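Here the structure is a predicted model, which is why all the values come from computation and not from measurement.
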Amino acid sequence: EAEYQYKVFTLRAEYMQGVDDTINKGGYYVQLIGDVIPKKIQLSGRFEYFDTNEAIADNAVYVYTICPSFLFGELCKIQIGYDIIREEAT
């Protein structure tokens, strides 16, 4: 996992790889978060990729997310997320 912050933007990314019994799985995500109004409104976009079985062709899942966040103080946030999910056909 990695994170980089620059002014009002935060960039996050993570790569994951694993084996479940004999099945190799893997994926990653990249997310960009920006303050529209600092400490009040944020907007984030995210791209995810996950392959549930690397031995089988065309079975990955792609997810595109856009999400505004409304912050109420330090400990309260409301998020509204919209996902576009694309699954490869086998």
Side-chain angles (χ1 to χ4, degrees):
E1 185 173 37
E3 180 174 299
Y4 177 74
Q5 294 184 354
Y6 179 74
K7 297 187 181 183
V8 298
F9 298 103
T10 301
L11 179 65
R12 290 187 183 134
E14 181 176 357
Y15 172 79
M16 57 209 107
Q17 185 71 36
V19 177
D20 182 14
D21 196 23
T22 60
I23 300 172
N24 290 330
K25 302 176 181 187
Y28 61 90
Y29 80 84
V30 178
Q31 180 176 23
L32 180 64
I33 304 165
D35 290 335
V36 177
I37 300 173
K39 298 184 180 181
K40 299 221 181 264
I41 299 175
Q42 293 178 329
L43 184 62
S44 66
R46 180 178 173 126
F47 171 75
E48 301 175 48
Y49 167 84
F50 185 69
D51 191 345
T52 57
N53 188 342
E54 294 177 349
I56 299 173
D58 299 328
N59 73 331
V61 177
Y62 301 86
V63 181
Y64 306 87
T65 304
I66 187 144
C67 183
S69 302
F70 304 93
L71 290 76
F72 302 95
E74 295 281 325
L75 302 174
C76 183
K77 174 174 25 176
I78 295 175
Q79 294 182 311
I80 302 168
Y82 181 75
D83 292 335
I84 298 171
I85 301 170
R86 186 173 72 82
E87 297 180 8
E88 291 182 339
T90 55

| Residues D51, K25: salt bridge by 4.0 Å N-O rule |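 So D51 does not pair with K25 through a salt bridge.
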
Can you measure from [atom1] ([X]) to [atom2] ([Y]) and round to the nearest 0.5 angstrom?
X	Y	atom1	atom2	result
T10	Q31	OG1	CD	9.0 Å
Q5	R12	CD	CZ	7.5 Å
T52	D20	OG1	CG	11.0 Å
N24	I56	CG	CD1	11.5 Å
E87	D58	CD	CG	12.5 Å
T65	D83	OG1	CG	3.5 Å

| request: Among residues two or more places apart or on two chains, list those pairs meeting salt bridge (charged side-chain N to carboxylate O under 4.0 Å, His left out) that have a residue in residues 41-50. | output: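 Sorted result for residues 41-50: R46-E48.
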
| Just checking, any donor-acceptor pair under 3.5 angstrom between side chains of Y15 and Q17? |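 The criterion, which ignores hydrogens and geometry beyond distance, is satisfied for Q17 and Y15.
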
| said: Assess, by modelled atom type and distance only, whether the side chains of Q42 and D35 contain a donor and an acceptor separated by less than 3.5 Å. | reply: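 On atom types as modelled, these side chains qualify, holding a pair under 3.5 Å.
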
Please determine whether residues [X] and [Y] belong to a single hydrophobic cluster, defined as Ile, Leu, Val, Met, Phe, Trp and Tyr linked transitively by side-chain heavy-atom distances below 4.5 Å.
X	Y	value
L11	Y29	no
V36	I66	yes
L43	I33	no
F47	F50	no

| What residues, two or more places apart in sequence or in another chain, satisfy salt bridge (charged side-chain N to carboxylate O under 4.0 Å, His left out) together with E14? |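 E14 satisfies salt bridge (charged side-chain N to carboxylate O under 4.0 Å, His left out) with no other residue.
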
| message | Taking salt bridge (charged side-chain N to carboxylate O under 4.0 Å, His left out) as the definition, give me every residue that meets it alongside K40, ordered by chain and number, with sequence neighbours left out. | response |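 Scan of K40 (salt bridge (charged side-chain N to carboxylate O under 4.0 Å, His left out), adjacent residues dropped) gives none.
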
| message | Does atom CZ (F9) have a neighbourhood of more than 12 heavy atoms from anything else shown, all under 6.0 Å? | response |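 No.
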
Enumerate donor-acceptor pairs with a distance under 3.5 Å from any side-chain N or O in residues 70-82 to protein atoms, sequence neighbours excluded.
residue	atom	partner	partner atom	Å
Q79	NE2	S69	OG	3.2

| Set of residues satisfying ring-ring contact (aromatic ring centres under 6.0 Å, His included) with respect to Y62, sequence neighbours excluded |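 By the ring-ring contact (aromatic ring centres under 6.0 Å, His included) rule, Y62 matches Y49.
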
| field | Connected-component partners of V63 among ILVMFWY, side-chain separation under 4.5 Å | value |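 Same cluster as V63: V61, I85.
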
| field | Donor-acceptor under 3.5 Å (S44 side chain, L32 main chain) | value |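 Side chain of S44 to backbone of L32: no pair is present.
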
